[in-house]
Amino acid sequence: MSSHHSPAARFTAGALLTSAALASIGALAPAPAAAATATGPQKTAHATAAVLDLDGGDGAPVIHGADRAYDTASIVKVDILAALLLKAQDEGRRLTSQERGRAEPMIRRSDNAAANALWREIGKAPGLAAANERLGLTSTTGGPGAKWGLTRTTASDQIRLLRAVFGTGAKTSPGAGALSAKSRAYIRTLMSRVAPEQAWGVTAVSGPGARQALKNGWLQRDTTGLWDVNSVGQVTVKGHRYLVAVLSNGSASMSDGISLVERTARQAMA
């Protein structure tokens, strides 16, 4: 969605989870330590961005801010789906209709019930860790027990995950134990069809009509009332494909968090 609309206008009450609802799926915990550098007037709000030009450069992402760990909230759903697809590949099969019926709303609408079921199916944090080792991630730790939303990751590790989905190279060949071409295409397709009210975030850097694919995450901390807001995906700017990951915490509201993420993405791409 283009960046000229106000952040508050780009999500609906139905797309938000209250603290009580998040607590019911175990997604809340004490606020993490302060991260990166302060951005904006809210001194407790911090953000880190990582950008990789898929069509140029030396293949290394550019990091803006301290590359430290943040809670993933719902961006981990891309990682959950990647782990599920690796599991199916290992078993020599396609996803079942039930798995697809969960994977698609999990990515397109950020459905938490679907994520709960698939988190259990992949083996929770140990299953995620095994998949991430194959995908080349080095700084992501699955949330404890059922708390997938408390998975911890860095912006640079999210670029590694996105590269396993959108990029080319050693970590994208099935022979290397990573995602097959069909699996990668499936993830890309779902990320390109997220619900319109959830199409904020890294897409702020794209021009109107540009191709884009993303997954966002948002989580209000019950101990502080502050928000974690994250956005990861592929965007196209002036004909170049970029992978962009922006992670943040400490915003006073979801709307403030969206503004911080979009501002940070624009600054990183400037």
Side-chain angles (χ1 to χ4, degrees), residues 1-4 36 47-67 70 72 75-79 81-82 85-86 107-108 131-132 134-140 153-194 196 198-217 230-248 261-270:
M1 185 164 294
S2 62
S3 61
H4 63 273
T48 302
V51 177
L52 176 66
D53 185 348
L54 285 177
D55 298 319
D58 60 5
V62 177
I63 310 298
H64 300 261
D67 194 28
Y70 293 80
T72 59
I75 62 169
V76 75
K77 291 169 180 173
V78 176
D79 209 358
L81 178 54
L85 288 163
L86 286 176
I107 301 298
R108 297 186 63 195
N132 284 344
R134 295 167 64 177
L135 295 170
L137 279 68
T138 60
S139 304
T140 297
T153 194
T154 63
S156 61
D157 233 23
Q158 287 302 296
I159 293 294
R160 293 183 185 101
L161 176 60
L162 291 171
R163 193 169 190 174
V165 174
F166 292 95
T168 58
K171 284 294 181 182
T172 61
S173 105
L179 294 165
S180 69
K182 288 183 178 179
S183 292
R184 291 162 53 210
Y186 182 61
I187 300 174
R188 292 195 301 264
T189 297
L190 295 186
M191 291 179 68
S192 69
R193 297 176 180 174
V194 299
Q198 295 181 21
W200 44 265
V202 296
T203 54
V205 305
S206 298
R211 295 180 63 184
Q212 55 196 28
L214 79 159
K215 181 71 189 80
N216 295 328
N230 306 318
S231 183
V232 300
Q234 179 189 272
V235 298
T236 302
V237 179
K238 296 180 180 179
H240 270 241
R241 298 171 302 141
Y242 293 88
L243 302 180
V244 185
V246 182
L247 310 182
S248 79
V261 165
E262 294 189 343
R263 183 169 65 250
T264 302
R266 292 190 196 98
Q267 291 169 348
M269 293 293 295

Are Ile107 and Val78 close enough, and set up right, to give a side-chain contact (heavy atoms from CB on, under 4.5 Å), and what steps lead you there?
CA-CA 7 Å; Ile107 301 298; Val78 176; 4.3 Å; yes

Heavy-atom closest contact (Leu247 atom, Asn230 atom, distance)
CA-OD1, 3.2 Å

Would you call Val202 and Val232 a side-chain contact if the rule is heavy atoms closer than 4.5 Å?
no

Taking all atoms of both residues into account, what is the closest heavy-atom pair of Val261 and Ser248, and its distance?
CG2-OG, 3.8 Å

Check the side chains of Asn132 and Thr140 for a donor-acceptor pair under 3.5 angstrom, ignoring hydrogens and angles.
no

CE-OH distance between Met269 and Tyr242, expressed to the nearest 0.5 angstrom:
5.0 Å

Is a side-chain donor-acceptor pair under 3.5 Å present for Ser180 with Ser183?
yes

Atom pair CZ/CG of Arg163 and Leu54 - distance to nearest 0.5 Å
7.0 Å

Measure the shortest side-chain to side-chain distance between Leu135 and Leu86 over non-hydrogen atoms and say whether it is less than 4.5 angstrom.
yes

Check for a donor-acceptor pair, side chain of Asp55 on one end and backbone N or O of His240 on the other, with a separation under 3.5 Å.
no

To the nearest 0.5 angstrom, please state how far the OH atom of Tyr70 sits from the OG1 atom of Thr153.
11.5 Å

Can you name the nearest heavy-atom pair linking Ser156 to Ile63, along with the distance?
CB-CD1, 3.9 Å

Check the pair Gln267, His64 against side-chain contact (heavy atoms from CB on, under 4.5 Å), reporting the backbone distance first and the verdict last.
CA-CA 9 Å; Gln267 291 169 348; His64 300 261; over 6 Å; no

Rounded to the nearest 0.5 Å, how far does CG of Leu162 lie from CE of Met191?
5.5 Å

What are the two closest heavy atoms between Leu214 and Gln198, and how far apart are they?
CD1-O, 4.1 Å

Expected output: side-chain Gln234 to main-chain Leu243 donor-acceptor under 3.5 Å
no

With sequence neighbours left out, what residues match Arg193 under side chain to side chain contact (heavy atoms under 4.5 Å, CB included)?
Arg108, Thr189

To the nearest 0.5 Å, atom CG of Leu137 lies from atom CG of Leu161 at 5.5 Å

Between the main-chain N or O of Ser139 and the side-chain N or O of Arg160, is there a donor-acceptor pair closer than 3.5 Å?
no

Rounded distance [0.5 Å steps], OH in Tyr186 versus CG in Leu179:
13.0 Å

Closest approach of Lys215 to Ile75 (non-hydrogen atoms, all atoms of both residues)
O-CG2, 3.4 Å

What heavy-atom pair brings Asp67 and Ala155 nearest, and what distance separates the two atoms?
OD1-N, 3.3 Å

